[in-house]
Amino acid sequence: MIRRLSWIVGSAILDGAVLATAYFIALAVRSDIASGHYLSPGTYVIGWSLCVMLVATAVSFAAFGLYKTEVYVYRPLLLRTLFKGAATALVLSAVTVYFVKSP
C-alpha cells in the first residue's frame, strides 16, 4: 500500500514538474515574441493560471484513472486515456481562466 501511494505521489509530482516546465517555456516564448527579443533573460512571474492548470490536470488524470497501474498494461488504452485526460484538463483550465478573467 505504501509503495503504491508513493508511486502515485511520484507520478503526480512528475506530471506537475513537466507541466510547470511547459508553462514557463510557453510564457518565455510568448513574452519574447511579443517584445521582439527572442530567449532573452527576464523575470517571469508565476501566475494563478499555473495553479489552475496543475489542479485541473491532477483532477482529470485521477478521474480518468491514469494513476492506476492497470492502465499501463495496454499501450493504446494508455494513449487514449492520456489524450482524454489532457484534453479534459485543457478545457477545464481554459474555462476556469476565461470565467475568472471576464468582467
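Residue numbers count from 1 along this sequence. Values below: all heavy atoms of this structure, side chains included; hydrogens, waters and symmetry mates excluded. The structure displayed is predicted, hence computed values, not measured ones.
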Original post:
How many angstroms lie between CG in L66 and CG in L78, if you round to the nearest 0.5 Å?
Top reply: 7.0 Å
Original post:
Taking a hydrophobic cluster as the set of Ile, Leu, Val, Met, Phe, Trp and Tyr residues connected by side-chain heavy atoms closer than 4.5 Å, whether directly or through intermediates, do Y98 and V91 fall within one such cluster?
Top reply: yes
Original post:
Side-chain contact, heavy-atom cut-off 4.5 Å: Y67 with D15?
Top reply: yes
Subject >> Closest approach of S60 to A89 (non-hydrogen atoms, all atoms of both residues) >> reply: OG-CB, 3.5 Å
Original post:
For the hydrophobic clusters of this structure (ILVMFWY residues joined by side-chain heavy atoms under 4.5 Å, transitively), does one cluster hold both L92 and L82?
Top reply: no
Subject >> Minimum side-chain heavy-atom gap V52-V100 below 4.5 Å >> reply: no
Original post:
When Ile, Leu, Val, Met, Phe, Trp and Tyr are grouped by side-chain heavy atoms lying under 4.5 Å apart, directly or through other members, which residues fall in the same group as V55?
Top reply: V59
**OP:** Would you give the length of the straight line joining atom CG of L90 to atom CE of M53, rounded to the nearest 0.5 angstrom?
**Re:** 10.0 Å
Original post:
Can you name the one residue among F64, F83, F61 that meets side-chain contact (heavy atoms from CB on, under 4.5 Å) with T88?
Top reply: F64
